[in-house]
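Here the structure comes first, spelled out in structure tokens, and everything after it is commentary.
Note on naming: letters A, B, ... go to the chains in the order of the sequence lines (proteins, then strands), and numbering restarts at 1 for each one.
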Protein chains: 2
Amino acid sequence: MKSNFNDKQIQILEVAETLFAEKGFDGTSIRNIAKVAKINIAMVSYYFGSKERLLESLIVYRTSDLKNQLESLLQEDLEPIDKINKLIELYINRINSNRGIYRILHFEFTSKKREQNLQAFSELKKGNLKSLETIIEEGQKKGIFRKDVIIPLIAPTILGTFFHFHMNKPFFENLLNLKTEDLYNNYIKTNLTKHIQQTIKALLIYES
Amino acid sequence: MKSNFNDKQIQILEVAETLFAEKGFDGTSIRNIAKVAKINIAMVSYYFGSKERLLESLIVYRTSDLKNQLESLLQEDLEPIDKINKLIELYINRINSNRGIYRILHFEFTSKKREQNLQAFSELKKGNLKSLETIIEEGQKKGIFRKDVIIPLIAPTILGTFFHFHMNKPFFENLLNLKTEDLYNNYIKTNLTKHIQQTIKALLIYES
DNA sequence: AACAAAACTAAACAAGTGTTTAATTTAAAC
DNA sequence: GTTTAAATTAAACACTTGTTTAGTTTTGTT
């Protein structure tokens, strides 16, 4: 898919992403963005119309291809539990390498202030949930997964665990001795991902 | 413990809590707080020194007695798994009835901006983690809990699941048909709490 | 080279920000 | 009732905010 944004716009979007993620939408000024991106402050209005619409553009720019990735996973010939594991890995990997935008989504679109722009984001979430549901029901039909789980609450467990870990980054860096960015990323890729997979597997398979 | 704040200060703190939770720290102005609390804008500086220190006071005001609650739970004569369940219930209940401040903590103390004030909050988290650790190790010694779990990652699973659910409130209200505030709260108290307890139990007990 | 559209700029705009000041009112102590 | 301290106020402070304006420069087309 060809992007609708030109080089200059992308440059602005990526600076905005970094700053919004670091300091929040309200905590970031247009002058702030302009300075880092080395552009004139009028360029944001010129290219995006307003600060608010810059945020909208940023979300479009970053969330456009997740849907496809999920759908191709569904088609793969794998056992349900392996599909779940792969889905978790895909999610964590993706969110972790697009921390900025997901942090922004997490922060900005939960407050009452920006409820309007919520619709497109809500559709994305519904689609993702549907994918998870398909896999779990497949496993339930095969008799592998237990049936008394609340599927819509599994997504919060997967994503919430990651987010809560990542939102408390300084705390866990200190606690787990993850001094460098590499160590931190590696811990997410191995231990945290494994923990989430282990948790969901236990939940789906354990018989009380 | 007697509170260090007088009636007027508490009035300001509670208005600030609501507004910070709704619109974020940066999204809330002192004039905004003053208007809702029906006080003069100079009173915030007069009583708290600055907007930043108002936030600090708010956190002290709201997190002072959690520690005691946890410690008395540790002393109770219960099976490890029941202690875990009670801890989860205590947490969810507490956070759910103090949504405002926990949302603020979640939002404001993760960005790089406010790393200084982080220390007191970090101590609180470390204490909480210690409590969880004590209970789990007790269960491991008794041979009830498996030993290959990463304890520091269990807290993110408990809290993260709740937060992710709550931060996407409009989405889940719609998805699960929780039209009234009562229905929403009830869902948290029963289904969400149960889901988290079920998840952690499965993780701790399930043998692969 | 001449023209037109797009890209870019510095400056100004009105409105909002947190904080301080100096004055006034209220309350407490004697 | 007078004095002293605390509480409260309106106004001003200096600064930052998002956006617009009226130009200038650059780019592409003929």
For this session: Starting from P on D/dC15, measure out to CG on A/N32 and report it in whole angstrom.
Result: 18 Å
Problem set entry | Protein-nucleotide distance (B/N40, atom CG; C/dG18, atom C1'), rounded to Å | 13 Å
Problem set entry | side-chain N/O A/K51 vs D/dT17 OP1/OP2, d < 4.0 Å | no
Exercise. Which atoms form the tightest heavy-atom contact between A/N93 and A/K189, and what is the distance?
Worked result: OD1-CE, 3.8 Å
Exercise. In whole angstrom, what separates B/R31's CZ from C/dG18's P?
Worked result: 7 Å
Exercise. Looking at the rings of B/F172 and B/F165, which for Trp means the six-membered one, are their centres under 6.0 Å apart?
Worked result: yes
Exercise. What integer distance in Å separates B/E52:CD from C/dT17:P?
Worked result: 16 Å
Exercise. Is B/S45 touching bases, backbone alone, or none of the nucleic acid, heavy atoms closer than 4.0 Å?
Worked result: base
Problem set entry | Gap between atoms CG and C1', on B/L55 and C/dG18 respectively (whole Å) | 15 Å
Problem set entry | NZ or CZ of A/K8 within 45° of A/Y46 ring axis and under 6.0 Å | no
Exercise. Do any side-chain nitrogens or oxygens of A/S29 fall under 4.0 Å of OP1 or OP2 in D/dT17?
Worked result: yes
Exercise. Does A/K51 make a cation-pi contact with A/F25 (under 6.0 Å, within 45 degrees of the axis)?
Worked result: yes
For this session: Calculate the interatomic distance between A/M43 atom CE and C/dA6 atom P; express it in whole Å.
Result: 13 Å
For this session: Return the value, rounded to whole Å, for the distance between atom CD1 of A/I30 and atom P of C/dT9.
Result: 15 Å
Exercise. B/D7 CG to D/dA6 P: how many Å, rounded?
Worked result: 18 Å
Problem set entry | Contact check, side chains of A/Y184 and A/H166, non-hydrogen atoms, under 4.5 Å | yes
Exercise. Is there a side-chain polar atom (N or O) of B/Y46 under 4.0 Å from OP1 or OP2 of D/dA7?
Worked result: yes
Problem set entry | Residue B/I41, side-chain heavy atoms: nucleotide from D/dA12, C/dA10, D/dT9 that is nearest | D/dA12
For this session: Remember a base hit wins even if backbone is also touched, and classify A/Y47 as base, sugar-phosphate or nothing at under 4.0 Å, heavy atoms.
Result: sugar-phosphate
Exercise. Are B/K8 and D/dA6 close enough that a side-chain N or O sits under 4.0 Å from OP1 or OP2?
Worked result: no
